[in-house]
*Asks:* 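First the structure, which I've put down as C-alpha cells, then a few questions once you've had a look.
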Amino acid sequence: MFDIKWIRNNEEAFDAALARRGLAPQAAQLLALDDERRKTVLGLNEAQEKRNATSKQIGQAKAQGDEEKASALMAQVSELKAQVQQGEEKEREQTATLNEILSTLPNILAFDVPDGADEDDNEEISRWGELKQYDFKPKEHYQLGEDLGEMDFEAAAKIAGSRFVVLKGQLARLERALGQYMLDFQTQENGFVEVMPPLLLRSEALFGTGQLPKFAEDAFETTDGRWLLPTSEVPLTNLVRESMLNENQLPLRFSALTPCFRSEAGSAGRDTRGIIRQHQFNKVEMVAITDSKSSQAEHERMLNCAEKVMKNLDLPYRVVKLCSGDVGFSMQKTYDIEVWLPGQNTYREISSVSLAGDWQARRMNARYRNENGKPQFVHTLNGSGVAVGRALVAIMENYQQKDGSIAVPKVLQAYMGGLKSISKIS
RNA sequence: GGGUGGGUGGCAGAGUGGUUGAAUGCUCUGGUCUUGAAAACCAGCGAGCGCGCAAGCGUUCCGGGGGUUCGAAUCCCUCCCCACCCGCCA
C-alpha cells in the first residue's frame with residue numbers, strides 16, 4: 001500500500017516504478033482523486049470549524065441563561081449541518097475510492113532489481129555444491145517414490161483429488177524429519193522464535209500481507225468466510241498488525257512449520273506430475289520485523305539462514321535475484337534459492353526470500369517508535385527456510401542410489417531413528 | 001447453539017449529552033539529586049488528515065457504519081470483534 005503523500009511528492013518516480021511492473025502510469029489519476037478529496041476536506045473542515053465555534057457559544061449562552069441568543073445561534077448552526085453531512089459523506093467516498101485503487105497496486109521494486117520479463121531474466125548470484133555424477137540415469141522423485149511404494153498418487157486422488165499426495169512409511173517419516181530439522185535449525189541456530197499459528201485466518205490478515213483483495217482466487221476460502229493460510233508468512237507477519245512497537249524490541253524473528261494451502265488456479269497443466277506443485281504442502285517459514293534501516297541487512301541475513309539449510313542438507317543450489325517481471329506483488333526484492341534436481345536435470349525453486357519494506361506494514365498498521373519517539377511503519381521480510389515438500393523431492397533425487405533406495409542425509413539421521421537409507425520393504 | 005458483559009491514548013483504566021483529546025496510574029523523554037545507578041522529586045509526552053517555508057492553525061478519531069441533537073466517547077439502530085457462563089466436543 002502506498003502513501004498518497006509520497007506519490008504526491010514523487011509523481012514521476014511512482015509512475016516509473018509502475019512501469020517497471022509493466023503497468024500504465026497512474027499518478028495523474030490518483031493525484032486528481034486526491035486533489036478532489038483534499039478540496040472536500042478543506043471545505044468540510046471550514047464548515048466544521050464554524051459549527052464547533054457556534055455550538056460552543058450556544059453552550060455559553062445557555063449557561064448564562066440567555067435563551068434568546070442561544071436560539072438565534074442554533075438557527076445559524078442548523079444551516080451548517082447539511083453542509084457538514086454532505087462533506088463527510090463525500091470525503092468518505094473519495095477516500096474509499098482512492099484506497100481501493102491503492103490497495104491493488106504492487107510494491108515498488110528495489111533499485112537493484114534487474115529489469116526483465118519473466119524468470120528467464122532472473123540474475124544468478126551464486127552457486128553452491130558439486131553436482132553429483134551418477135553412473136545410471138537419475139530418476140525423478142515421483143518415480144522413485146512410487147517404486148518404493150511410499151508415494152501414492154492414486155490413493156490421494158481418491159481421497160482428495162489431484163495435486164495431493166499420500167506419503168507412507170519412511171518417506172512420510174523423512175518429510176516429518178525434514179520439517180522438524182529445519183524448524184529446530186532456524187529456532188536454535190538462527191534466533192527465530194518458534195510459532196504455532198492458526199491455519200484458518202481472517203480476511204484482514206490476508207489483506208495485510210497482500211494476498212487480498214487481488215489474489216483471492218489463489219487461496220481457499222472456508223464456508224464461514226475464513227481462509228486457509230497459503231503460507232505462514234500471513235499469520236507470522238500479522239503477529240504485529242495494529243501494534244506500536246518500541247525500537248528496542250526490533251528485530252522480531254518468527255519461524256513456523258505449517259501446511260500451506262493453495263488453489264493453484266491458473267496453473268493447470270504445470271508440474272502435474274509429482275509433488276512439486278500441490279494444493280497442500282509443508283513449509284518452514286521465516287519472518288522478520290525490523291526498523292526501516294535494518295531491513296536490507298536482514299534480507300541478506302535471512303537468505304543466509306535459508307542457504308545454511310541447503311548446505312547442511314548438502315543439496316547443490318544456486319541463488320537468483322528475481323527480475324522485475326518475476327518479483328511478487330507485495331515485495332520490493334526477492335532472492336530465490338533453486339535446488340538442483342538431477343532427475344529433472346534442472347534447478348527448481350525451493351526457497352524464496354523477500355523484502356517488503358513498509359508496504360505490508362501500512363496495510364497492517366504495524367508501527368514502531370523510532371529514536372525520536374515518532375511512530376513509523378516497520379519493515380517486514382519473509383522467506384522459506386525452506387519448503388519441506390520440495391526439499392523432500394531434492395533429497396530423493398540427489399540422494400538416490402542405483403538400486404532405487406534413498407540415502408538419508410547425515411543431519412536427518414538423528415530425526416529418523418538413526419536410519420541411513422530408505423529402501424523398499426519387500 | 002443459548003445467555004450475559006464488554007470494545008476509550010503505547011499499556012492499564014476513569015469518564016453517560018456542552019472548553020473532554022479525554023481524569024488517574026504505568027511506560028517513555030528531559031531535568032534535579034547521586035561517584036554512577038536505583039529510588040524520590042519536577043517537567044514534558046496521543047495518532048491521522050488538511051493548510052503553511054516554518055512557528056503554528058484547523059479538523060477528525062473513544063471497534064466500523066448509520067441516526068437523534070445546535071452540540072455525541074456519552075442516547076438510538078446496525079454490523080464486527082472480544083470475554084465470561086451454560087450446552088456440545090478433540
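Chain letters run A, B, ... following the sequence lines, proteins first and then strands; every chain starts at 1.
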*Asks:* Base, sugar-phosphate alone, or nothing: which one does A/Arg8 contact when heavy atoms must sit under 4.0 Å apart?
*Replies:*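 Sugar-phosphate: the residue A/Arg8, judged by heavy atoms under 4.0 Å, touches backbone atoms but no base.
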*Asks:* Is the shortest side-chain N/O distance from A/Arg38 to OP1 or OP2 of B/rG52 below 4.0 Å?
*Replies:*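 So the side chain of A/Arg38 is outside the cut-off, no N or O lying under 4.0 Å from OP1 or OP2 of B/rG52.
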*Asks:* Using a 4.0 Å heavy-atom cut-off, does A/Asn52 contact any base of the nucleic acid, only the sugar-phosphate backbone, or nothing at all?
*Replies:*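 The answer is sugar-phosphate, as A/Asn52 gets under 4.0 Å only of primed atoms, P, OP1 or OP2.
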*Asks:* Side chain of A/Glu49, heavy atoms from C-beta onward: which of B/rG48, B/rU59, B/rG67 has the nearest atom to it?
*Replies:*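 That would be B/rU59.
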*Asks:* Report yes if at least one side-chain N or O of A/Arg369 is closer than 4.0 Å to OP1 or OP2 of B/rU27; otherwise report no.
*Replies:*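 For A/Arg369, the contact criterion (side-chain N or O under 4.0 Å from OP1 or OP2 of B/rU27) is not met.
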*Asks:* Distance check needed: B/rU60 P versus A/Glu91 CD, whole Å only.
*Replies:*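 To the nearest whole Å, that distance equals 11 Å.
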*Asks:* Which nucleotide sits closest to the side chain of A/Arg202: B/rC81, B/rC51, B/rC70?
*Replies:*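 Looking only at side-chain atoms, A/Arg202 lies closest to B/rC81.
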*Asks:* Examine B/rC70: is either OP1 or OP2 under 4.0 Å from a nitrogen or oxygen in the side chain of A/Arg51? Give yes or no.
*Replies:*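 No.
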*Asks:* So A/Lys5, base contact, sugar-phosphate only, or nothing? Heavy-atom distance under 4.0 Å.
*Replies:*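 If one applies the 4.0 Å heavy-atom cut-off, A/Lys5 turns out to touch the sugar-phosphate alone, with no base involved.
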*Asks:* Do A/Glu264 and A/Arg270 come within less than 4.5 Å of each other through their side chains, counting heavy atoms only?
*Replies:*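 The answer is no, as the side chains (C-beta and beyond) never meet within the 4.5 Å cut-off.
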*Asks:* A/Asn45 has an atom CG; how far is it from atom P of B/rG56, in whole Å?
*Replies:*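 Taking atom P of B/rG56 as the reference, CG of A/Asn45 is at 19 Å.
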*Asks:* Provide the Watson-Crick or G-U wobble partner of B/rG44, both distances under 3.5 Å; none if there is no partner.
*Replies:*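 Its partner is B/rC28 (Watson-Crick or G-U wobble, both distances under 3.5 Å).
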